[in-house]
Amino acid sequence: MMDPIVEPLRALAATMTLSPPRIPIVSTVTGTWLSDAEATDPAYWAEQARATVRFATALRRVRRRCALLLLEVGPRVTTTFARATTAQRSAP
């Protein structure tokens, strides 16, 4: 479904100046820390359009490293998923 927009997104990202992150970022594509190479690769950002979102894996990765504070700007989707993920981990 998303395949037709991947190349246009890559081309658009290639026109931008991409920089390594100043603060650590967890990729919801890989569930691991975003590398400088990924952050500056237009193909990485374009592939996000069709990649599986590994939200729970990414959230667990963040929780292992630091106290969790989520700031959401939007319709409360991220916090809803985060609460559900936390509740699943806490269930017996």
Side-chain angles (χ1 to χ4, degrees):
M1 176 181 271
M2 300 302 288
D3 288 348
I5 69 164
V6 172
E7 181 50 33
L9 280 174
R10 190 212 55 77
L12 177 63
T15 68
M16 300 175 184
T17 302
L18 302 175
S19 302
R22 293 182 183 174
I23 60 171
I25 298 173
V26 174
S27 166
T28 57
V29 171
T30 65
T32 61
W33 297 99
L34 184 70
S35 71
D36 291 352
E38 289 167 327
T40 56
D41 182 2
Y44 170 84
W45 297 106
E47 287 295 327
Q48 284 212 0
R50 68 173 166 202
T52 300
V53 176
R54 301 185 190 293
F55 182 80
T57 303
L59 186 61
R60 282 191 299 271
R61 176 79 54 181
V62 171
R63 288 178 63 113
R64 276 188 232 133
R65 181 166 175 180
C66 55
L68 185 61
L69 170 67
L70 294 177
L71 173 64
E72 180 165 7
V73 180
R76 290 181 265 170
V77 174
T78 302
T79 51
T80 300
F81 286 156
R83 283 187 187 119
T85 299
T86 302
Q88 289 170 2
R89 282 190 80 211
S90 301

Note to self: Check for me, please, whether Val62 and Ile25 land in the same ILVMFWY cluster - side-chain distances under 4.5 Å, paths through other members count.
What the structure shows: no
Note to self: Test of understanding: with side-chain hydrogen bond (donor to acceptor under 3.5 Å, both in side chains), list the residues that count as partners of Thr79, not counting sequence neighbours.
What the structure shows: Glu72
Note to self: For a quick test of reading the model, state the closest non-hydrogen atom pair linking Ala82 to Phe55 and the distance between them.
What the structure shows: N-CE2, 3.6 Å
Next item on the list: List for me each residue that meets side-chain hydrogen bond (donor to acceptor under 3.5 Å, both in side chains) alongside Arg54, sequence neighbours excluded, and say none if there are none.
Entry: none
Next item on the list: Measure across Thr28 and Ala58 and return the closest heavy-atom pair with its distance rounded to 0.1 Å.
Entry: CG2-CB, 4.0 Å
Check: Does Pro21 reach the side chain of Asp36, with side-chain heavy atoms less than 4.5 Å apart?
Finding: yes
Next item on the list: Establish whether Val29 and Leu18 are linked, either directly or via other cluster members, by ILVMFWY side-chain heavy-atom contacts under 4.5 Å.
Entry: yes
Next item on the list: Taking all non-hydrogen atoms of both residues into account, name the closest pair between Ala49 and Leu9 and its distance.
Entry: CB-CD1, 3.7 Å
Next item on the list: To the nearest 0.5 angstrom, please state how far the CZ atom of Arg50 sits from the CG atom of Asp3.
Entry: 4.5 Å
Next item on the list: With sequence neighbours left out, write down each residue that passes salt bridge (Lys or Arg N to Asp or Glu O under 4.0 Å) with Arg10, or none if nothing qualifies.
Entry: Glu7
Margin query: Using the side-chain hydrogen bond (donor to acceptor under 3.5 Å, both in side chains) criterion, which residues pair with Thr40? Sequence neighbours excluded.
Written below: none
Check: So, the side chain of Trp45 versus the backbone of Ala39: is there a donor-acceptor pair under 3.5 Å, distance only?
Finding: yes
Note to self: With side chain to side chain donor-acceptor pair (under 3.5 Å) as the rule and sequence neighbours excluded, what pairs involving residues 12-21 come up?
What the structure shows: none
Item checked: Whichever hydrophobic residues join Ile23 through chains of side-chain contacts under 4.5 Å -> none
Checklist line | Hydrophobic cluster identity match, Ile5 and Leu12, side-chain contacts under 4.5 Å | finding: no
Check: Which distance, rounded to the nearest 0.5 Å, do you find between the CD of Glu47 and the CD of Glu38?
Finding: 12.0 Å
Note to self: Grouping I, L, V, M, F, W and Y whenever their side-chain heavy atoms are under 4.5 Å apart, do Leu34 and Val26 come out in a common cluster?
What the structure shows: no
